[in-house]
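Read the structure below first, then the notes.
Being a predicted model, the structure only gives us computed values, none of them experimental. The analysis underlying the following values was restricted to heavy atoms, covering all of them including side chains, and did not include hydrogens, waters or symmetry mates.
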Amino acid sequence: MGFMLKDLEYGQLKQDLDEFLTNSEAQTVLLCDRGGNVIVSSGEAFIDTIDMISALVAGAFAATKELAGILGENEFTAIFHQGAKISIFISAVGEEVILLAIFTDETNAGLVKMYALTTCRKFSNLFKDIMSRKQIKIDDPTQSFQLAKGPIFQED
Amino acid sequence: MAVVNYAKKEIQFKIVYYGCGLCGKTTNLQKVHACVPAKAKGNLTSLATSQDRTLFFDFLPLQTMSIEGFVTKFQMYTVPGQVKYNSTRRLVLRNCDGVVFCVDSQVSKTQENLESWENLKENLSLQKDILDEMPHVLQYNKRDLPNISPQAYLDYVLNNGEKRIPTFMASAFKGEGVIETLNAVAKLVLQDFIEKH
Ligand SMILES: Nc1nc2c(ncn2[C@@H]2O[C@H](COP(=O)(O)OP(=O)(O)O)[C@@H](O)[C@H]2O)c(=O)[nH]1
Ligand SMILES: [Mg+2]
């Protein structure tokens, strides 16, 4: 199990995310799984800390689930956090994936939300396909995963 | 749950350090962070513990070339050990690929270790994982302290199944056994991945 992204799928995701950034004028957009693993991102802002952001977004998403439960909702599928300069919009893409959009106060939050939700809907079927696939047949039959020699981590 | 990106030639795994409160999970990550080369690591982030926090864990991204032709990333997490933080533990375990169960070897901690061990199995089963099928290793930590259980006793309590779990003696505090533990779990994760793909 896992996310096995073929070249084409990655290209498609990346293109759609780029498009989302252009349309919404958000700074950075990220797709991650609900365990916090980065799947794809687009945009340069905050890219150095994208791994950590991803871990925390999954956390924020899960944390509101408890609150939703108390209110009789299964979960909040979209969350908006507003800051003075930077704001974020988080939205579920199906059962396993989360989209995060990071944008500034120069952007229209409503626009970000609208394009984000459209993008999420578009992706939700694609991810259903990706998730249901156990293994992908790579076009090049000589390609398989091989462990590199030597210890994985060495002390400096 | 590995993320494989053929276009970017990148594979990502998630490894979780589990164990009771104060057994040395954070210390493990701190030592790993201190001793792996700069190009292999990102920042170690520890979310501070405060009373009303529902969410906190340590996080350290690592990067290797351990699968030929692919940048191989390991996202390292620790869970909060205290009993009341179970929802954070569940979140951190989600979609993980391997587990280090860190044991506080002190005799007085036997019960806490066992409870955490059972809690790990229970939380895995809630996400339809089984510990036996998840790459994992045991680390008997704090071997430098005086009042510790002998290894044989810890094995008897924790490592008594048909298949022996790889076990590492450590003093995370002194940096002993930390890299060995990490390499062992990373290797199991990689082998498991290669077998399945
Ligand atoms: N003597 C000794 N102390 C340790 C060792 N590993 C961790 N500690 C100490 O145990 C305490 C709790 O460690 P920490 O890593 O925060 O535990 P965590 O709750 O599992 O993250 C700290 O004071 C550490 O310095 C060890 O191997 N030997
Ligand atoms: Mg800790």
Where does [X] contact chain A at under 4.5 Å (heavy atoms): side chain, backbone, both or neither?
{"X": "B/Ala40", "result": "neither"}
{"X": "B/Ile11", "result": "side chain"}
{"X": "B/Ile67", "result": "both"}

Where do [X] and [Y] come nearest, in terms of heavy atoms and distance?
{"X": "A/Asp51", "Y": "B/Pro61", "value": "OD2-CB, 3.7 Å"}
{"X": "B/Lys14", "Y": "A/Gly35", "value": "NZ-O, 2.5 Å"}
{"X": "A/Ala55", "Y": "B/Phe57", "value": "O-CZ, 3.8 Å"}
{"X": "A/Leu147", "Y": "B/Lys187", "value": "CD2-CE, 4.0 Å"}
{"X": "B/Glu68", "Y": "A/Lys149", "value": "OE2-N, 4.5 Å"}
{"X": "B/Leu91", "Y": "A/Ala62", "value": "CD1-CB, 3.7 Å"}

Any chance [atom1] of [X] has more than 12 other-residue heavy atoms, nucleotides or ligands included, within less than 6.0 Å?
{"X": "B/Asn147", "atom1": "CG", "result": "no"}
{"X": "A/Glu44", "atom1": "CD", "result": "no"}
{"X": "A/Leu71", "atom1": "CG", "result": "yes"}
{"X": "B/Tyr156", "atom1": "OH", "result": "no"}
{"X": "A/Lys113", "atom1": "NZ", "result": "no"}
{"X": "A/Phe76", "atom1": "CZ", "result": "yes"}

With a 4.5 angstrom heavy-atom cut-off, could you sort out which part of [X] is near chain B: side chain, backbone, both or neither?
{"X": "A/Gln154", "value": "backbone"}
{"X": "A/Tyr10", "value": "side chain"}
{"X": "A/Val40", "value": "neither"}

Are [Y] and [X] connected into the same hydrophobic cluster when the rule is that any two of I, L, V, M, F, W, Y join if their side-chain heavy atoms are below 4.5 Å apart?
{"X": "A/Ile50", "Y": "A/Val93", "answer": "no"}
{"X": "B/Phe101", "Y": "B/Leu22", "answer": "no"}
{"X": "A/Phe123", "Y": "A/Leu100", "answer": "no"}
{"X": "A/Phe61", "Y": "A/Ile102", "answer": "yes"}
{"X": "A/Ile86", "Y": "A/Leu56", "answer": "no"}

Just by modelled atom types, is the A/Leu5 backbone N or O under 3.5 Å from a matching donor or acceptor in the B/Asn5 side chain? no
Check: Short question: side chain of A/Asp156, backbone of B/Cys35 - any donor-acceptor pair under 3.5 Å?
Finding: no
Is [Y] close to [X] at the side-chain level, that is, under 4.5 Å between some pair of heavy atoms?
{"X": "B/Arg94", "Y": "A/Glu96", "value": "yes"}
{"X": "A/Phe153", "Y": "B/Leu62", "value": "yes"}
{"X": "B/Phe74", "Y": "A/Ile152", "value": "yes"}

Can you tell me how far apart [atom1] ([X]) and [atom2] ([Y]) are? Round to the nearest 0.5 Å.
{"X": "B/Met1", "Y": "A/Met131", "atom1": "CE", "atom2": "CE", "result": "4.5 Å"}
{"X": "A/Asp33", "Y": "B/Gln12", "atom1": "CG", "atom2": "CD", "result": "8.0 Å"}
{"X": "A/Glu9", "Y": "B/Tyr6", "atom1": "CD", "atom2": "OH", "result": "10.5 Å"}
{"X": "A/Met52", "Y": "B/Asn43", "atom1": "CE", "atom2": "CG", "result": "10.0 Å"}

From the list B/Thr64, B/Ile194, B/Asn183, the residue making the most non-hydrogen contacts under 4.5 Å with chain A is B/Asn183
- request: Measure up the B/Phe70 and A/Phe145 rings against each other and bin them: parallel (under 30°), tilted (30 to 60°), perpendicular (over 60°).
  value: tilted
